[in-house]
Number of protein chains: 2
Amino acid sequence: METLSKPTAVIDLASLRHGCAQCSLRQLCLPAGIGATDLQQLDEIVKRRRPVERGELLFRAGDRLGAVYVARNGAFKTVSTSEEGDTQVVGFHIAGELIGLDALGEGVHRCDAVALTSANVCEVPFEQLTAVAAQVPGLQQQLMRVIGHSMSRDQDHLQMLVRRQANERIALFLVGLCERLRNIGESATQFRLPMSREDIAHFLGLALETVSRGFSRLQDDGVIAVVGRKVEILDAAELQRLAQGGELPCPVKRGATG
Amino acid sequence: METLSKPTAVIDLASLRHGCAQCSLRQLCLPAGIGATDLQQLDEIVKRRRPVERGELLFRAGDRLGAVYVARNGAFKTVSTSEEGDTQVVGFHIAGELIGLDALGEGVHRCDAVALTSANVCEVPFEQLTAVAAQVPGLQQQLMRVIGHSMSRDQDHLQMLVRRQANERIALFLVGLCERLRNIGESATQFRLPMSREDIAHFLGLALETVSRGFSRLQDDGVIAVVGRKVEILDAAELQRLAQGGELPCPVKRGATG
DNA sequence: CGTAACATTGAGTTCTCTCAAAGGGCGTGG
DNA sequence: CCACGCCCTTTGAGAGAACTCAATGTTACG
């Protein structure tokens with residue numbers, strides 16, 4: 001096929017022309033519940049398809065809030081480093097999720113946003129976003145909802161960390177990730193983790209060895225299959241049960257007396 | 001003085017007539033940075049001086065978001081109870097602090113708001129607040145800022161819980177509380193805790209006994225003086241140091257060889 | 001195919017939790 | 001004003017979970 005480059009160009013052109021209205025993520029993103037005419041106002045301020053390389057930073061702690069970002073694909077982490085130097089992963093962000101609301105308070109970012117994979121983002125200048133939101137009640141409402149969801153996610157994160165044991169946190173982490181993958185239409189039973197064990201550890205407030213042991217334990221119990229970052233969920237119901245504090249009474253000897 | 005009741009009545013009347021413009025908390029609250037004319041619009045929707053008794057709930061988890069509240073005095077806690085029944089104190093709220101933003105996501109509260117002492121609150125119907133905010137850019141901005149601060153506080157809370165040992169969390173808790181007391185012009189060196197050891201434990205993700213031991217240890221080390229809920233800060237610098245991970249190398253025998 | 005980063009596994013230690021009981025503060029009622 | 005009782009708080013002892021340090025195994029990428 002000599003014309004291979006032609007269709008590709010057409011697709012690119014199409015996707016460039018396509019705005020929020022055609023985006024597969026629109027139900028999860030700012031446009032949700034906004035009429036066609038209003039949507040155009042939003043469309044005009046969104047800078048689409050900025051490519052980001054693995055390891056690249058969207059912003060760092062201390063930067064002024066210029067824009068918020070929506071991951072179109074790929075994955076990000078937001079990381080906060082305390083004065084004493086220990087790092088806390090504040091959140092992971094996959095397609096359709098907003099990044100940058102941490103600066104809402106003082107107008108200055110409190111954490112770094114790092115690409116875990118190569119990725120593409122939409123960039124939404126924040127000043128313009130609030131300006132448009134003031135004129136479009138639907139957007140105003142959706143913006144509040146998105147902010148609220150972000151707060152809810154933080155709350156869930158907190159609940160996941162406090163007074164839960166390591167295996168419980170890890171199960172919760174996996175359950176949460178699966179649900180989000182399902183939301184964006186990706187496989188929730190077989191996937192590749194975009195983040196390292198260390199990232200997970202810093203997210204869950206555990207030592208990385210503890211995370212590794214947790215994965216191994218889940219594998220030994222037949223709940224998941226793990227090879228490095230490749231994960232397969234074998235028993236979602238059991239995983240769910242473990243996430244809610246359920247425990248295997250004792251380590252069952254697999255293949256022994258039964 | 002026979003006329004004792006008269007001045008009291010005058011004061012009450014005055015404080016009833018006084019709106020946000022005269023409120024001692026206005027710099028911490030929604031009116032911050034809003035002009036006099038715009039302020040009146042906000043003033044008109046705020047229901048002032050609703051008294052609340054100790055133990056009373058402003059709202060419970062599951063309630064629709066009707067209004068947000070600002071504590072005028074007294075103290076509140078917000079508590080989230082998981083399906084498994086264990087409770088997490090999401091936050092403590094003293095004068096000038098907003099309560100109720102937890103419902104921003106789905107429009108339904110995620111936690112109970114309980115008065116820890118008798119208190120007074122301003123009630124701000126949320127629909128009307130956003131409506132006014134859409135017309136008053138200053139208020140819009142301030143609302144965002146307040147929401148952002150709320151998120152920042154949650155972040156700080158998370159940082160306080162993760163990978164920090166018990167004594168560090170307790171020191172951080174005290175440092176944070178002192179700062180907030182200072183903000184509202186109350187003594188930050190001598191005060192009465194509005195919450196029980198159990199509340200603190202549920203806030204810090206510790207067992208209540210561990211909290212009690214932590215207070216005792218701080219007292220033994222001469223950093224604070226504690227009698228029940230009465231606390232006096234004796235060595236603020238040392239408290240600050242402990243909050244940042246500093247440790248007394250070994251338990252010094254006080255009064256011994258020196 | 002080699003290398004460097006990442007992940008797993010093991011052993012010993014420390015911190016916090018749990019269970020249990022005794023010691024005050026505070027409000028109520030006499 | 002004092003005494004009583006309840007609840008909150010403090011303190012002790014033992015157990016368990018996760019951390020740290022250390023070494024080995026594996027994956028992914030050039």
Side-chain angles (χ1 to χ4, degrees), chain A residues 53-55 77 86-89 114 116-118 160-171 173 192-221 224-231 242 245 247-251, chain B residues 53-55 77 86-89 116-118 160-171 173 192-221 224-232 242 245 247-251:
Chain A
E53 286 176 26
R54 174 178 165 170
K77 65 176 174 182
D86 33 39
T87 72
Q88 167 68 29
V89 171
V114 186
L116 293 167
T117 65
S118 60
M160 168 182 315
L161 295 183
V162 174
R163 295 277 257 155
R164 300 201 116 88
Q165 28 196 61
N167 292 340
E168 219 173 319
R169 296 187 205 187
I170 293 166
F173 166 71
R192 186 185 162 78
L193 295 170
M195 70 294 280
S196 69
R197 297 286 188 273
E198 187 173 18
D199 288 333
I200 300 175
H202 285 153
F203 180 70
L204 296 179
L206 297 170
L208 77 87
E209 295 95 328
T210 306
V211 174
S212 187
R213 279 185 247 271
F215 275 83
S216 298
R217 175 67 194 278
L218 285 173
Q219 178 159 238
D220 290 347
D221 294 342
I224 64 176
V226 182
V227 182
R229 296 194 181 182
K230 288 193 286 291
V231 174
L242 292 171
E247 276 304 326
L248 299 173
C250 61
Chain B
E53 286 176 27
R54 175 178 165 168
K77 64 176 174 182
D86 33 37
T87 72
Q88 168 68 28
V89 171
L116 292 167
T117 64
S118 60
M160 166 180 319
L161 295 184
V162 174
R163 296 277 259 155
R164 298 201 118 89
Q165 23 195 69
N167 291 339
E168 220 172 318
R169 297 188 204 186
I170 293 166
F173 166 70
R192 187 187 162 77
L193 295 169
M195 71 293 280
S196 70
R197 296 288 187 272
E198 187 173 18
D199 287 333
I200 299 174
H202 285 153
F203 181 70
L204 295 179
L206 298 169
L208 78 88
E209 295 96 328
T210 306
V211 174
S212 187
R213 278 186 248 270
F215 275 83
S216 298
R217 175 69 194 277
L218 286 173
Q219 178 158 240
D220 290 348
D221 292 342
I224 63 175
V226 182
V227 183
R229 297 196 180 180
K230 286 192 287 289
V231 174
E232 185 176 356
L242 292 171
E247 275 304 327
L248 298 173
C250 61

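All heavy atoms count here, side chains included; hydrogens, waters and symmetry mates do not. Each chain gets a letter, A, B and so on, in the order its sequence line appears, and its residues count up from 1.
Of the candidate nucleotides C:dC17, D:dA18, D:dA28, D:dA18 has the atom nearest to the side chain of A:Thr210.
The nearest whole Å value for the distance from the CZ atom in B:Arg217 to the C1' atom in D:dG12 is 17 Å. The interatomic distance linking A:Gln219 (CD) with C:dT9 (C1') rounds to 13 Å, in whole Å. D:dT9 atom C1' lies 16 Å from atom CG of B:Leu218, rounded to whole Å. Here the P atom of nucleotide D:dG12 and the CG atom of B:Asp220 are 10 Å apart, to the nearest Å. The CG atom of A:Leu193 sits 15 Å away from the P atom of D:dT27 (whole-angstrom rounding). In this structure, B:Leu161 places its CG atom 13 Å from P of C:dT16, rounding to the nearest Å. In this entry the distance linking CD of A:Gln165 with C1' of C:dC15 reads 15 Å, nearest Å. In this entry the distance linking CD1 of B:Ile170 with C1' of D:dT9 reads 14 Å, nearest Å.
Between D:dA18 and A:Arg164, no contact under 4.0 Å exists linking OP1 or OP2 to a side-chain N or O. The phosphate of D:dA28 has OP1 or OP2 within less than 4.0 Å of a side-chain N or O from A:Lys230.
Residues B:Leu161 and A:Val162 meet the side-chain proximity criterion, which asks for heavy atoms closer than 4.5 Å. Within the 4.5 Å cutoff, the side chain of A:Leu193 has heavy atoms near those of the A:Ile200 side chain. Side-chain contact check for B:Thr210 versus B:Leu204: every heavy-atom pair is 4.5 Å or farther apart. Side-chain contact between A:Arg197 and A:Phe215 is present, with at least one heavy-atom pair separated by less than 4.5 Å. Considering only heavy atoms from C-beta on, B:Leu218 comes within 4.5 Å of B:Leu242 through its side chain. Within the 4.5 Å cutoff, the side chain of A:Arg229 has no heavy atoms near those of the A:Pro194 side chain. Proximity of B:Asp86 to A:Arg163: side-chain heavy atoms (C-beta onward) are nowhere separated by under 4.5 Å.
When heavy atoms are screened at a 4.0 angstrom cut-off, A:Gly205 is found touching the sugar-phosphate backbone but no base atom. Among the protein residues, B:Arg169 comes within range of no part of the nucleic acid, since none of its heavy atoms lies under 4.0 Å from any strand.
Taking for each of B:Arg192 and B:Ala207 the nucleotide of DNA chain C with the nearest heavy atom, the 5'-most of the two is the partner of B:Ala207.
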Extract from the structure each pairing of a protein N or O with an N or O of nucleotides 2-8 of chain C at less than 3.5 Å, listing the distance.
{"residue": "C:dA7", "atom": "OP1", "partner": "A:Arg229", "partner atom": "NE", "Å": "3.2"}
{"residue": "C:dA7", "atom": "OP2", "partner": "A:Arg197", "partner atom": "N", "Å": "3.0"}
{"residue": "C:dT8", "atom": "OP1", "partner": "A:Arg197", "partner atom": "NH2", "Å": "3.1"}
{"residue": "C:dT8", "atom": "OP2", "partner": "A:Arg197", "partner atom": "NE", "Å": "2.7"}
{"residue": "C:dT8", "atom": "OP2", "partner": "A:Ser212", "partner atom": "OG", "Å": "2.6"}
{"residue": "C:dT8", "atom": "O5'", "partner": "A:Ser212", "partner atom": "OG", "Å": "3.0"}

